[in-house]
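Counting convention: from 1, in listed order, for ligands and their atoms alike.
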Amino acid sequence: MSGSEDEECIPELVPAEITKVPVTVITGFLGAGKTTLLNYILTEQHGKRIAVILNEFGEGSAIEKSMSIGQSGELYEEWLELRNGCLCCSVKDNGVQAIENLMKKKGKFDYILLETTGLADPGPIASMFWIDEELCSDIYLDGIVTVVDAKFCLQHLLEQKPDGVINEAVSQVALADVIIINKTDLVNDEELNDLRAQLSSINSVARRMETQQAQVDLPQILDLNAYDGRSRSSVDEIFNSKGNQNTAGGSHHLDKTVTTVTFEVEGSLIKAALNEFMDTVLWEKVTNPGGNTMDILRMKGVTSIVDCPRRVIVQAVHELYDRQETTLWEESEQRMNRLVFIGKNLEKETLQNLFMMKVEEQTSNSGSS
Ligand SMILES: Nc1nc2c(ncn2[C@@H]2O[C@H](COP(=O)(O)OP(=O)(O)OP(=O)(O)O)[C@@H](O)[C@H]2O)c(=O)[nH]1
Ligand SMILES: [Zn+2]
């Protein structure tokens, strides 16, 4: 694809297909069981060549990252050099570049697992891999898996940060596509129920699993396609199941500023109106009736655009968003927009009314929907 301008003849080994390599970000508070999960994955039979990248500051140097590659059970270590230190703090595509270089040296992997430090908000890392997809990178963000400690998670979620800053444990739960409640051996049913309720009051749409020693069913956490058009079914699943009613919290009084909100609006809107809606909620920001700014951490939705025969998927992480056309609408089908927001100070009516206005603008302009 690149660097071949100065070559005389066409290289003989042109790759026939460009298979992009999925990246799953594994996050979770200190000691929750991320490394246990990685080790478990690497020793399971999965027939994949998996690269594992640990985004942690080591004892000695902060510029080297440990990396191991597992192929049918056998592991070896590599050092991944990142000039700017910690992956999540480095310049946007630095980490992506480092991984691509490594792939050039070592041959392609089938899959990349990236363990973030326990104290990191996974937002910047997710954004880094997500943006790069558009720059024709070899790798793409598949999903975010958050491991939580059944015993201590609640305590971490409840910890208050000064100035209303969202604490990392809450961010990790909010951005999760899958939440693994690990160490269930350390809690009783009541504690577990409490935690389940608190987790779903923050993020009611992530798939949830419960484990000991992080022993998960691998297909449940890999190849999620959580950030591309193929995730449509997951948005539909949300609406066809429990997603619409917000789960009530447990007995602890968790600071409920981060929650999930879902709504549906019939009809279609023009592309510009959808962009306006996204710009307003993500960038300009709207306030809830209590006068607090709504801060969106994660959003996904299926939307219906005027004159577009296909469903349009919208995805956002923090301020970044992206649209993708996917499957065709049926002729007879009622056009429907379904949106999911996870964030701080969210209020359903305000968001839904704003979206409805964009749909109605269209209806009154053209008289069709
Ligand atoms: N009781 C119990 N202990 C577990 C379980 N899973 C992991 N552990 C232990 O919990 C400790 C922390 O696990 P790690 O996998 O290192 O956690 P981590 O999230 O990678 O930790 P950091 O990298 O320090 O953030 C280890 O001592 C594990 O053996 C479990 O299901 N039950
Ligand atoms: Zn960092």
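Judged purely by distance below 3.5 Å, without hydrogens or angles, the side chains of Q315 and R323 never pair a donor atom with an acceptor atom.
Remark: ligand 1 and G31 share an N or O pair separated by less than 3.5 Å (distance only, no angle test). Polar contact check, Q213 against ligand 1: a nitrogen or oxygen pair lies under 3.5 Å apart. Residue L186 places no N or O, backbone or side chain, under 3.5 Å from any N or O of ligand 1. At least one N/O-N/O distance between N182 and ligand 1 falls below 3.5 Å.
Taking 4.0 Å as the cut-off between side-chain N and carboxylate O, D142 and K20 do not count as a salt-bridged pair. For K271 and E276, the salt-bridge test fails: no basic side-chain N is under 4.0 Å from an acidic carboxylate O.
Of the heavy atoms in T35, both backbone and side-chain atoms come closer than 4.0 Å to ligand 1.
Counting the atoms of ligand 1 from 1 in the order shown, those under 4.0 Å from a heavy atom of E115 are 20 (O), 23 (O). Under a 4.0 Å criterion applied to the non-hydrogen atoms of L30, ligand 1 contributes the atoms 25 (O). Atom numbering of ligand 1 starts at 1 in the shown order; those under 4.0 Å from a heavy atom of Q212 are 31 (O). Listed by number with element, the atoms of ligand 1 under 4.0 angstrom from any heavy atom of D185 are 1 (N), 2 (C), 30 (C), 31 (O), 32 (N).
Cation-pi geometry between R298 and Y227 is met: the NZ or CZ atom falls under 6.0 Å from the ring centre, inside 45° of the normal.
Taking all heavy atoms of K183, E210, Q215 into account, the minimum distance to atom 3 (N) of ligand 1 is reached by K183. In this structure, of A214, G33, G28, the residue bringing a heavy atom nearest to atom 17 (O) of ligand 1 is G33.
Ring orientation note: the planes of W283 and Y321 are tilted relative to one another, at an angle of 30° to 60°.
With rounding to the nearest 0.5 Å, the separation of CD1 in I342 from NZ in K300 is 7.5 Å.
Side-chain contact between I26 and T24: present, with at least one pair of heavy atoms (C-beta onward) separated by less than 4.5 Å.
Residues I202 and V165 do not share a hydrophobic cluster, clusters being chains of Ile/Leu/Val/Met/Phe/Trp/Tyr side chains in contact below 4.5 Å.
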